[in-house]
Amino acid sequence: MKPRHHLYLDDELTAQLERLGSKPGTSKSAIVADALRDYLNRRATRQVDDLLKVRLDRMSTQLGRIERDSLVLLETLSLFVRYQLTVTAPLPEGDKAAQAIGRERFRRFVDQVGRQLATGRSIGAAASEEAGQ
């Protein structure tokens, strides 16, 4: 046996409920139960949405900071490379020893970057540790 409820509806809602309930295969109780179920489910969804909104806002702020920091790092690196290329004299064509030293230094640099990325440690932190030794 289902519990019985007494509801008071205004005239407009009563007329709409009567019209919908008079169709074959429907009942006023089923219509009211479905409407109440949908309403309660929407409220629960709204609460979850409100909780997720705060979290998504926080994540959006963090991503904004990461993007800003990445742009600063990229600009810093590009300015450093431009400066280094401007102040460093080019090697003479015939100086094979200096060119070999340059290639070896670049290879070691790339290897070091690869090792740092593989370990997951920050390159800046590693440089600070080496400077402190």
Side-chain angles (χ1 to χ4, degrees):
M1 178 93 172
K2 295 180 182 178
R4 183 180 185 115
H5 298 278
H6 298 280
L7 303 173
Y8 296 98
L9 303 174
D10 63 28
D11 293 337
E12 183 181 336
L13 283 176
T14 300
Q16 289 177 344
L17 184 60
E18 289 290 337
R19 206 171 30 257
L20 289 173
S22 66
K23 293 180 181 176
T26 61
S27 70
K28 291 188 267 185
S29 293
I31 293 168
V32 171
D34 287 344
L36 184 58
R37 189 177 300 108
D38 286 346
Y39 174 78
L40 293 175
N41 288 338
R42 268 197 318 273
R43 278 191 53 200
T45 302
R46 194 174 307 128
Q47 290 171 348
V48 170
D49 287 347
D50 290 344
L51 292 174
L52 287 177
K53 182 182 181 291
V54 171
R55 191 166 189 185
L56 288 172
D57 287 346
R58 192 176 317 129
M59 290 172 65
S60 177
T61 301
Q62 290 170 339
L63 284 173
R65 283 190 206 124
I66 290 170
E67 181 181 17
R68 181 201 64 213
D69 292 350
S70 297
L71 290 173
V72 168
L73 287 172
L74 182 61
E75 186 63 24
T76 302
L77 178 62
S78 67
L79 287 173
F80 173 76
V81 169
R82 185 179 304 136
Y83 172 78
Q84 190 66 24
L85 293 174
T86 302
V87 298
T88 304
L91 294 175
E93 282 296 319
D95 196 350
K96 301 293 182 196
Q99 291 174 355
I101 290 171
R103 279 191 298 278
E104 177 60 23
R105 287 179 179 170
F106 182 74
R107 186 193 60 74
R108 279 190 270 157
F109 169 75
V110 170
D111 288 346
Q112 179 67 26
V113 169
R115 277 193 302 278
Q116 290 301 127
L117 291 175
T119 63
R121 287 184 20 197
S122 165
I123 294 173
S128 298
E129 290 173 10
E130 290 175 8
Q133 292 178 350

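Being a predicted model, the structure only gives us computed values, none of them experimental.
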What residues, two or more places apart in sequence or in another chain, satisfy side chain to side chain donor-acceptor pair (under 3.5 Å) together with Asp49? none
Enumerate the salt bridge (charged side-chain N to carboxylate O under 4.0 Å, His left out) contacts for residues 54-76, please, sequence neighbours excluded, ordered by first and then second residue. Lys53-Asp57
Results of side chain to side chain contact (heavy atoms under 4.5 Å, CB included) for Ala98 - residues two or more places apart only: Leu91, Asp95
Go through the steps for Arg107 and Asp111 under the test salt bridge (Lys or Arg N to Asp or Glu O under 4.0 Å), then give the verdict. CA-CA 6 Å; Arg107 186 193 60 74; Asp111 288 346; 2.6 Å; yes
Taking side chain to side chain contact (heavy atoms under 4.5 Å, CB included) as the definition, give me every residue that meets it alongside Arg108, ordered by chain and number, with sequence neighbours left out. Glu104, Arg105
Within the distance-only criterion (no hydrogens, no angle test), does the side chain of Thr88 pair as donor or acceptor with the backbone N or O of Leu85 below 3.5 angstrom? no
Quick one: list whatever passes side chain to side chain contact (heavy atoms under 4.5 Å, CB included) with Phe80, sequence neighbours left out. Gln84
Donor-acceptor pair, side chain of Ser60 and main chain of Leu56, under 3.5 angstrom: no
Hey, could you give me each pair passing salt bridge (charged side-chain N to carboxylate O under 4.0 Å, His left out) that has a residue in residues 5-16? Not counting sequence neighbours. none
Of all residues at least two apart in sequence or in a different chain, which pass the side chain to side chain donor-acceptor pair (under 3.5 Å) check with Arg42? none
Residue set satisfying side chain to side chain donor-acceptor pair (under 3.5 Å) with Glu18, at least two apart, ordered chain then number -> Lys28
When clusters are formed by joining ILVMFWY residues with side-chain heavy atoms under 4.5 Å apart, either directly or through shared neighbours, do Val113 and Phe106 land in the same one? yes
Hydrophobic cluster of Leu36, others only, ordered by chain and residue number, side-chain cut-off 4.5 Å: Tyr39, Leu40
Report the hydrophobic cluster partners of Leu79, with the cluster defined as I, L, V, M, F, W, Y residues connected by side-chain heavy atoms closer than 4.5 angstrom, directly or transitively. none
Using the test side chain to side chain contact (heavy atoms under 4.5 Å, CB included), find all partners of Lys23 that sit at least two apart in sequence or belong to another chain. Leu20, Thr26
Can you list the other members of the hydrophobic cluster that holds Val54, where links are side-chain heavy atoms under 4.5 angstrom apart? none
